[in-house]
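Within every chain, numbering begins at 1; the chains are lettered A, B, ... in the order of the sequence lines, protein sequences first and strands thereafter. Keep in mind that this is a model prediction, so the values were computed, not measured.
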2 protein chains.
Amino acid sequence: MPDRIRPTLEAVAARAGVSRATASRVVNGGAGVRERLVERVRLAVDELGYVPNHAARTLVTRRNGAVAVIIAEPEIRIFSDPFFSLQLRGISRELTANDSQLVLLMVEGSGDYDRIARYLAGGHVDGALAFSLHTQDQLPAVTHKVGIPTVFGGRPVRTGAGAELAVPYVDCDNRGGARDAVRHLAGLGRQRIAHIAGPQDQTSGIDRLDGYRDVLADGDPTLIAQGAFTADSGARAMAELLDRHPDLDAVFAGNDLMAKGALRVLQERGRRIPEDVAVVGFDDMASVVETTTPLLTTVRQDIEEMGRLMVRLLISGLDRGEGPTPDSVIMETELVRRASA
Amino acid sequence: MPDRIRPTLEAVAARAGVSRATASRVVNGGAGVRERLVERVRLAVDELGYVPNHAARTLVTRRNGAVAVIIAEPEIRIFSDPFFSLQLRGISRELTANDSQLVLLMVEGSGDYDRIARYLAGGHVDGALAFSLHTQDQLPAVTHKVGIPTVFGGRPVRTGAGAELAVPYVDCDNRGGARDAVRHLAGLGRQRIAHIAGPQDQTSGIDRLDGYRDVLADGDPTLIAQGAFTADSGARAMAELLDRHPDLDAVFAGNDLMAKGALRVLQERGRRIPEDVAVVGFDDMASVVETTTPLLTTVRQDIEEMGRLMVRLLISGLDRGEGPTPDSVIMETELVRRASA
DNA sequence: TTGAAAGCGCTAACAA
DNA sequence: TTGTTAGCGCTTTCAA
């Protein structure tokens with residue numbers, strides 16, 4: 001690779017026989033330039049293999065064409081969560097569609113918040129997308145203080161510093177979806193419906209439990225067991241529930257992974273699904289749902305679309321000038337009936 | 001947020017009563033500037049909350065302070081692999097230590113290679129880190145063609161386009177590690193040692209199988225079953241092996257996740273571990289190894305360190321000028337004895 | 001050791 | 001519709 005010097009706009013203009021300004025106009029869409037010249041410039045661009053210099057452009061436009069995705073310490077494991085991969089894919093696709101780059105910021109310790117804040121304050125990115133899953137997280141407070149437009153994935157827990165902040169977020173209707181799931185089970189005539197709850201320091205875990213309680217207002221609290229959104233934790237919770245209530249006839253798990261773990265334990269203990277025990281999950285994650293026997297009935301949320309929405313929300317806010325976008329988006333869920341309930 | 005205008009170097013210089021050039025020198029380390037002035041400039045920087053404008057700096061230095069991490073389509077699921085999270089963490093930490101940003105590029109379809117190539121050619125990043133796990137992948141060819149310094153994670157499979165390329169990569173000694181595992185099992189006196197192999201279109205899967213064969217040169221090929229690096233696939237493979245060889249007394253699984261699945265099936269079928277069947281995994285992934293009963297004996301590789309090494313390799317190549325860095329790094333592995341073998 | 005000045009490549013008034 | 005020109009904020013010769 002001889003590593004030729006990269007051609008500048010100047011070179012393109014010269015070759016096309018126009019001024020730098022005209023060449024610039026063409027490169028940026030070509031509005032208000034005579035068709036003939038547009039063609040000549042386009043040709044020159046192709047021949048020279050011209051690629052605009054991003055730094056130069058940013059310097060004058062004050063637009064970076066880049067968005068930060070911030071992942072905070074306790075959540076780094078969410079990389080292992082297929083949920084997150086899907087959302088990230090949605091984000092990536094939508095960003096690409098908007099000619100923006102994805103800058104990944106991983107926050108490790110609490111000291112890192114300073115570094116992140118400096119980076120965000122440094123104007124390297126036009127906005128940020130963040131995942132603030134846990135109660136203790138300072139991220140909403142940090143991004144607000146720095147004053148960079150930010151959209152959160154999942155409703156942030158409103159406690160601690162910045163609890164009063166109205167941060168824009170994208171989430172699905174966790175509570176409503178949970179209600180649908182439990183109502184479906186009840187509609188099947190099930191009498192003892194248990195719940196394997198997700199972590200209670202995340203809104204998704206909290207809201208789904210709330211939805212369960214909405215329907216089973218005066219249910220037996222011992223029909224609720226605590227899980228951690230993993231298959232193993234679902235299995236453990238199921239075993240617990242079975243010990244306490246050998247006669248339970250339905251389970252609503254806080255997510256598909258826990259449902260999968262529950263299914264395994266139920267079958268090990270000789271329960272037929274759905275005859276003896278009906279099971280409903282949450283998420284409709286293909287990689288999980290397609291590998292259970294029987295196929296899992298679950299509450300569907302469009303995770304990838306939620307990722308895309310985060311980007312759209314951010315960019316629409318960016319476009320209409322400063323200031324955060326206080327509107328959030330709550331997406332509908334849908335009960336998908338399969339074989340397990 | 002009043003969104004004050006960001007102070008420029010000019011402002012810092014004025015406040016410190018020096019020239020812009022001197023202010024610049026201080027901001028960039030302060031070599032060759034009298035101590036008194038250094039102090040004054042530093043003070044001004046603090047008071048004004050000055051943060052250098054990255055675009056302006058890049059424009060003149062031709063250094064981006066950013067590295068792309070490229071993840072190709074078939075591998076997007078590797079987000080679900082704790083292996084990848086760990087490596088990414090190592091990458092992120094080392095990049096941070098080098099004041100560089102991580103730009104995430106996700107390649108979706110084959111059409112995307114064009115977009116990626118354009119981006120890389122556009123000089124937005126100083127170099128790239130890529131994961132080329134599968135045989136068909138064009139990534140090594142693409143990055144080479146574009147001429148951007150690139151380091152791969154895991155030895156790329158050398159077939160198809162660009163098979164002849166000497167691409168620098170960081171990997172562990174998969175083959176040697178596998179040999180250690182199998183020798184350990186043999187040393188325990190095991191006679192019928194099975195192997196659950198990883199995908200044979202990835203070098204890690206291939207090399208570990210080769211290592212197994214190195215030790216068991218004339219072993220029974222039906223003692224080998226095919227897995228896909230997931231727990232479920234490990235369980236399936238184990239069931240297969242048990243059907244074929246009810247008398248097997250040891251299993252070397254291609255990774256910890258498959259070992260975990262195998263463990264479950266072995267126990268369901270009444271085998272005691274390690275008395276009846278000894279099991280060894282590969283990776284020493286904390287999240288897996290700590291959750292098996294009994295605790296898993298496995299081959300350890302320092303995944304996070306491999307991530308860091310990828311960055312160091314890239315940056316050292318960058319520093320000593322153009323041209324790719326043809327040296328690769330193969331890290332040692334270590335057998336970690338626990339309860340399962 | 002310090003400062004003056006010349007750009008880096010691009011966009012956006014403003015003029016023509 | 002097109003071109004001229006003035007910067008964007010920074011680094012880096014080159015002189016002093």
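Judged as a ring pair (Phe, Tyr, Trp, His ring centres under 6.0 Å), and not counting sequence neighbours, B/Tyr50 has no contacts. Applying the side chain to side chain contact (heavy atoms under 4.5 Å, CB included) criterion to B/Thr58, with sequence neighbours excluded, gives A/Ala55, B/His54, B/Asn64. Remark: A/Val60 pairs with no residue by the side chain to side chain contact (heavy atoms under 4.5 Å, CB included) rule, at least two apart or across chains. Annotation: side chain to side chain contact (heavy atoms under 4.5 Å, CB included) contacts of B/Ser100 (sequence neighbours excluded): B/Leu95. Taking A/Glu305 as the reference, A/Arg312 meet the salt bridge (Lys or Arg N to Asp or Glu O under 4.0 Å) condition, with sequence neighbours excluded. In this structure, B/Ala97 has no side chain to side chain contact (heavy atoms under 4.5 Å, CB included) partners at least two apart in sequence or on a different chain.
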### Message
Return a single string for nucleotides 7-15 of chain D, one symbol per nucleotide in 5' to 3' order, where B is base contact, S is sugar-phosphate-only contact and - is none, cutoff 4.0 angstrom on heavy atoms.
### Response
-BBBBBB--
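Protein chain A touches strand DNA chain C; the 5'-most and 3'-most nucleotides with an atom under 4.0 angstrom of its non-hydrogen atoms are C/dG9 to C/dA13.
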Review item, side-chain donor-acceptor pairs of residues 12-31 of chain A, under 3.5 Å, at least two apart:
from, atom 1, to, atom 2, distance (Å)
A/Arg15, NE, A/Glu47, OE1, 2.5
A/Arg15, NH2, A/Glu47, OE1, 3.0
A/Ser19, OG, A/Ala21, N, 3.4
A/Ser19, OG, A/Thr22, N, 3.3
A/Ser19, OG, A/Thr22, OG1, 3.4
A/Arg20, NH1, A/Glu10, OE1, 3.1
A/Ser24, OG, A/Asn28, ND2, 3.4
A/Asn28, OD1, A/Arg57, NH2, 3.3
A/Asn28, ND2, A/Ser24, O, 2.8

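Residue pairs meeting the ring pair (Phe, Tyr, Trp, His ring centres under 6.0 Å) criterion with at least one member in residues 13-48 of chain B, sequence neighbours excluded, do not occur. Identified under the salt bridge (Lys or Arg N to Asp or Glu O under 4.0 Å) test for residues 117-126 of chain B, with sequence neighbours left out: none.
Axis angle across the helix from C/dT1-D/dA16 to C/dA16-D/dT1, with five pairs used at each end and values rounded to 10°: 40°.
Note on ring orientation: taking the six-membered ring where Trp is involved, the planes of B/His124 and B/Tyr119 are parallel (angle under 30°, cut-offs 30° and 60°).
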